[in-house]
Amino acid sequence: MTGVLTLTRTSVGKKVIMALTGFILVGFVVFHMYGNLKMYQGPEVYNAYAAGLRELGYPVFGHEHLLWVARFVLLASVFLHIWAATSLTIQSRRSLKASSVSALRRYGQHKRHSSYADYTMRFGGILIFFFIIYHIMHLTFGVVGYEPGQFIHPHGDTYETYSNVVYGFQNPFVVGFYLLTMVFLGLHLYHGVWSMFQTLGWNNRTYDRLLRGLAILVAAAVFIGNVSFPLAVYFGFVA
């Protein structure tokens, strides 16, 4: 226990926490995007997928039990990821204030080269956090983005997830918000996956190009898949 607490106080430990929680979150994002592709197979298949998520692990787990376990793990990962990122940022700024003028100049030169990554990771991360809240309120609970009576909550054996998605992407502002966030999510995934490889010590000269290509592939696949859903609905390809 003491070792764990010590690990959380060091910059290396916080980077490891970011990498591990990032790995969990990337896995979820990829799985979530893959599952949503069933929307293109029609309402019957997509609604069956939504129902299946609530019966994961049956009969060992009851209705929605494993789904709620996954939600708590994801929620914990999100907050630990944010805490580690914020803590590292504060720690970095404190070390800069304590450094010499020459060191600050060197940092200024380095900052010009890293500002793009900093922007997409920090400010993009803030946008993604608020998007997660909106996304849950929108497509999970149906409390925003719908006209009265449009959103149908699951009850019994009835799942109308497909129609909820169709109604949910009729508003151009909602679609625009999703598209904007997916741009930053793609950039965040690329930098995050690449940083994860570095933090966990998986990258080297032999696999550098392969791992960077994998980071690009993950980011591109998630971006293309996720932007296709609101666009397909809004332009009538899915109805």
Side-chain angles (χ1 to χ4, degrees), residues 25-58 61-79 82 124-189 219 221-239:
L25 295 172
V26 168
F28 165 74
V29 168
V30 172
F31 174 80
H32 187 57
M33 183 274 296
Y34 172 76
N36 283 333
L37 289 174
K38 298 183 185 299
M39 183 180 72
Y40 294 117
Q41 296 178 264
E44 184 177 347
V45 173
Y46 193 67
N47 290 336
Y49 161 68
L53 287 177
R54 290 163 172 78
E55 304 301 333
L56 284 175
Y58 181 83
F61 292 90
H63 179 70
E64 290 194 352
H65 288 184
L66 195 57
L67 182 60
W68 276 106
V69 170
R71 285 169 175 168
F72 281 122
V73 170
L74 289 169
L75 186 63
S77 297
V78 167
F79 281 104
I82 293 172
I126 295 172
L127 175 64
I128 293 168
F129 174 72
F130 285 109
F131 169 79
I132 292 172
I133 297 174
Y134 180 85
H135 182 62
I136 292 173
M137 295 174 65
H138 182 215
L139 293 178
T140 301
F141 297 114
V143 297
V144 295
Y146 291 93
E147 297 293 332
Q150 284 186 335
F151 188 88
I152 302 175
H153 294 274
H155 57 279
D157 295 328
T158 302
Y159 293 89
E160 296 296 339
T161 309
Y162 185 89
S163 64
N164 288 341
V165 172
V166 171
Y167 282 122
F169 289 128
Q170 298 299 319
N171 189 316
F173 294 104
V174 173
V175 172
F177 179 51
Y178 269 77
L179 296 182
L180 175 64
T181 307
M182 287 309 107
V183 171
F184 281 95
L185 177 62
L187 294 171
H188 198 89
L189 282 173
V222 170
F223 172 76
I224 294 172
N226 281 348
V227 300
S228 74
F229 305 133
L231 289 177
V233 172
Y234 187 72
F235 288 106
F237 297 107
V238 172

Heavy atoms only: give me the nearest Leu231-Val227 pair and the separation to one decimal.
CG-O, 3.2 Å
Using modelled atom types only, decide if a donor and an acceptor are shared between the side chain of Thr158 and the backbone of Pro154 within a distance under 3.5 Å.
no
Backbone N/O of Gly225 and side chain of Ser228: donor-acceptor pair under 3.5 Å
yes
Judged by atom type as modelled, is there a donor-acceptor pair below 3.5 Å linking the side chain of Tyr146 to the main-chain atoms of Asn164?
yes
What distance separates Leu189 CG from Leu25 CG, expressed to the nearest 0.5 Å?
9.5 Å
Could you check whether Thr181 and Tyr134, counting side-chain N and O atoms only, form a donor-acceptor pair closer than 3.5 Å?
no
What is the ring orientation for Tyr46 with Tyr49, classed by angle as parallel under 30°, tilted 30 to 60°, or perpendicular over 60°?
tilted
Output field: ring centroids Tyr34/His32 closer than 6.0 Å
no
Is the backbone N or O of Glu147 less than 3.5 Å from a side-chain atom of Gln150, with the two atoms forming a donor-acceptor pair by type?
yes
Can you tell me if Phe31 has over 12 outside heavy atoms packed within less than 6.0 Å of its CZ?
no
Assess the pair Tyr167 and Phe151: is the distance between their ring centroids shorter than 6.0 Å?
no
His135 backbone acceptor or donor facing His138 side chain under 3.5 Å
no
Verify, without hydrogens or angle tests, whether Gln170 (side chain) and Val166 (backbone) share a donor-acceptor contact under 3.5 angstrom.
yes
Output yes when a side-chain donor or acceptor of Asn47 lies under 3.5 Å from a complementary backbone atom of Tyr162, and no otherwise.
yes
I need the Ile224 CD1 to Met33 CE distance, nearest 0.5 Å.
9.0 Å
Can the ring centroids of Phe229 and Tyr178 be said to lie less than 6.0 angstrom from one another?
no
